[in-house]
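All remarks here apply to the structure that follows.
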Amino acid sequence: RRDLGALHQARDGAIWFGTQVYGAARYDGTGFSRLGVENGLLSDEIFDIAETSDGALWFATLEGLSKFNGTTVVNYTEKDGLIDRWVRGIYVDSDDVLWCATKKGISRLDPKGFIRFTKADGMRNNEGETAGVLAIEPDPDGSQWIGTEWGGLFRVQGNRIQSMTSERHYVRKIYRAVDGTLWFGLPKGIFRYENGKLVQVLERSWVLALGGDDQGNIWYGQGWNGGGLSRYNPKTGEETIFTKAQGLPNDSVWAIERA
């Protein structure tokens, strides 16, 4: 079982770790402090962490959404309009609107409350049901790219949702590189979006962590499949792998965060 699944560097420079056993941990450069159910969080199982412009931290948990302002915790559940208790991921857009990924679709939280996107809006999987959402990535035009469980790739612009691929892929991760290219982590490897299709670039098994750097390299990890941390240069095709032999504490990489 994996314990660490989320990383976030806050505006004050501190690094937050989201675990699926021990709640959230904050490292300020000198030591750790913990935030958990005893402090008001809905659950100690945390799947993602995001931050709004006021410095408040938002935690995606197994039991809902928790907001921490540095002093107190405010929680949001299905009773408040959240579409599902298990929040898998969070993204905060430039207007401080929260986008929550759940197995029952998307919950978007703005000052007016929650808005949901489901099969009724066209977000269907290969069985015609609401596609579970796994990844959310912003576009410079203000829209959001949505990766789903066997529903493929969608794009949300305002209140309108559009399917972006004909194939019903399982899209686990999305990352926009510095040159604007969209990269995707799927069960079969690393893909790139080209001419309305997901084109395979690297054949791998279950890409569960995906990111990049300022030089345009793509970094990825394969979670329970091990293999360490990989760096791929799209221009040269060169790949470098970092494992326990190079100093990693573990070869199972679940999360990547740019400092």
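When a residue number appears, it is its place in the shown sequence, counting from 1. The structure displayed is predicted, hence computed values, not measured ones.
Using a cut-off of 4.0 Å between Lys/Arg side-chain N and Asp/Glu carboxylate O, D44 and R34 are scored as salt-bridged. The existence of a salt bridge linking K235 and D179 is excluded, since no basic side-chain nitrogen approaches an acidic carboxylate oxygen closer than 4.0 Å. Taking 4.0 Å as the cut-off between side-chain N and carboxylate O, R85 and E63 count as a salt-bridged pair. A salt bridge does not link R116 with D121: every distance from a Lys NZ or Arg NE/NH1/NH2 to an Asp or Glu carboxylate oxygen is 4.0 Å or more. For the pair E203 and K188, the salt-bridge criterion is not met [side-chain N within less than 4.0 Å of a carboxylate O].
A donor-acceptor contact shorter than 3.5 Å is absent between the side chain of N250 and the backbone of V253. Counting only distance, with no hydrogens or angles, the side chain of R204 and the backbone of G189 share no donor-acceptor pair below 3.5 Å. R155 places no side-chain N or O within donor-acceptor distance of the main-chain N or O of D139, the cut-off being under 3.5 Å. Side-chain N or O atoms of D28 include one that pairs as donor or acceptor with a backbone N or O of G31 at under 3.5 Å. Panel note: side chain D93, backbone P138; no donor-acceptor pair is recorded below 3.5 Å. For N233 (side chain) and G237 (main-chain N/O), no donor-acceptor pair under 3.5 Å exists by modelled atom type. At distances below 3.5 Å, at least one donor-acceptor pair connects side-chain atoms of N225 with backbone N or O atoms of S205. Side chain of D48 to backbone of A6: no donor-acceptor contact under 3.5 angstrom is found. Between the side chain of S252 and the backbone N or O of G223, at least one donor-acceptor pair lies under 3.5 Å. Side-chain N or O atoms of T61 include none that pairs as donor or acceptor with a backbone N or O of L65 at under 3.5 Å.
If you take CD on Q246 and CG on L248, they are separated by 7.5 Å, rounding to the nearest 0.5 Å. Here OG1 of T118 is found 10.0 Å from CD1 of I106. Values are rounded to the nearest 0.5 Å. S143 contributes atom OG, which lies 9.5 Å from atom CD of Q162 (distance to the nearest 0.5 angstrom). Between the CD1 atom of I136 and the OG1 atom of T148 there is a distance of 11.5 Å, given to the nearest 0.5 Å. Rounded to the nearest 0.5 Å, atoms CZ (R124) and CD (E129) are 9.0 Å apart. The CH2 atom of W86 sits 13.5 Å away from atom CD of E78, with the distance rounded to the nearest 0.5 Å.
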Next item on the list: Might you work through the side-chain contact (heavy atoms from CB on, under 4.5 Å) test for F47 and Q20, ending with a clear yes or no?
Entry: CA-CA 7 Å; F47 297 90; Q20 293 185 13; 3.3 Å; yes

Next item on the list: Assess whether side-chain contact (heavy atoms from CB on, under 4.5 Å) is satisfied between V92 and V97, documenting all intermediate values.
Entry: CA-CA 6 Å; V92 179; V97 173; over 6 Å; no

Next item on the list: Assess whether side-chain contact (heavy atoms from CB on, under 4.5 Å) is satisfied between S53 and R11, documenting all intermediate values.
Entry: CA-CA 9 Å; S53 62; R11 295 171 184 269; 3.9 Å; yes

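Contact annotation: the side chain of T165 never approaches that of V171 to less than 4.5 Å [non-hydrogen atoms, C-beta and beyond]. Between F114 and I83, the closest side-chain pair of non-hydrogen atoms is not below 4.5 Å. Within the 4.5 Å cutoff, the side chain of W145 has heavy atoms near those of the L153 side chain. Side chains of L57 and I49 form a contact here, defined as non-hydrogen atoms less than 4.5 Å apart. The side-chain heavy atoms of Y232 and N217, taken from C-beta on, include no pair separated by under 4.5 Å. Annotation: side chain of N159 is in contact with side chain of F117 (closest heavy-atom distance under 4.5 Å). For the pair L98/Y91, no side-chain contact is recorded, criterion being any heavy-atom separation below 4.5 Å from C-beta on. Looking at heavy atoms from C-beta onward, W206 lies out of side-chain contact with Q222 at the 4.5 angstrom threshold.
For the pair R108 and W99, the cation sits on the ring face: its NZ or CZ lies under 6.0 Å from the ring centre, inside 45° of the axis.
Side-chain atoms of Y220 and E239 include a donor-acceptor pair closer than 3.5 Å. Checked by atom type, the side-chain pair R26/S33 shows no donor-acceptor distance below 3.5 Å. If you check the side chains of W58 and T52, you find a donor sitting under 3.5 Å from an acceptor.
In the hydrophobic clustering of ILVMFWY residues, with side-chain heavy atoms under 4.5 Å counting as a link, W183 and M164 come out apart. Note on I15: it clusters hydrophobically with F32, by side-chain heavy-atom contacts below 4.5 Å among ILVMFWY residues. The cluster map of Ile, Leu, Val, Met, Phe, Trp and Tyr, joined by side-chain heavy atoms under 4.5 Å apart, puts L82 and V74 in the same cluster. Side-chain heavy atoms closer than 4.5 Å link hydrophobic residues (I, L, V, M, F, W, Y) into clusters, and following such links, possibly through other members, connects L208 to Y170. F17 and I46 sit in two unconnected hydrophobic clusters of ILVMFWY residues. Membership requires side-chain heavy atoms under 4.5 Å apart, directly or through other members.
Nearest approach of I218 to A177, heavy atoms of both residues: CD1-CB, 4.5 Å. Considering all non-hydrogen atoms of both residues, N125 and T130 come closest at ND2-O, 3.8 Å. Closest of all the heavy-atom pairs between F59 and A24 is CE2-CB, 3.6 Å. Nearest heavy-atom pair across K67 and A56 is CE-CB, 3.7 Å. S66 approaches L42 most closely through the heavy-atom pair OG-N, 3.2 Å. Counting all heavy atoms, side chain and backbone alike, S107 lies closest to G81 at OG-O, 4.3 Å.
By the 30° and 60° cut-offs, the orientation of the rings of W16 relative to F68 is perpendicular.
By the 6.0 Å contact criterion, OH on Y22 is open, its count of non-hydrogen atoms from other residues, nucleotides or ligands being 12 or less.
Checked against E149 for a salt bridge (Lys or Arg N to Asp or Glu O under 4.0 Å), the options K104, K103, R88, R172 give a single hit: R88. Between Y175 and the options T181, L182, L210, I190, a side-chain contact (heavy atoms from CB on, under 4.5 Å) holds for only L210.
Aromatic rings from W219 and F242 are positioned such that their centres are separated by under 6.0 Å.
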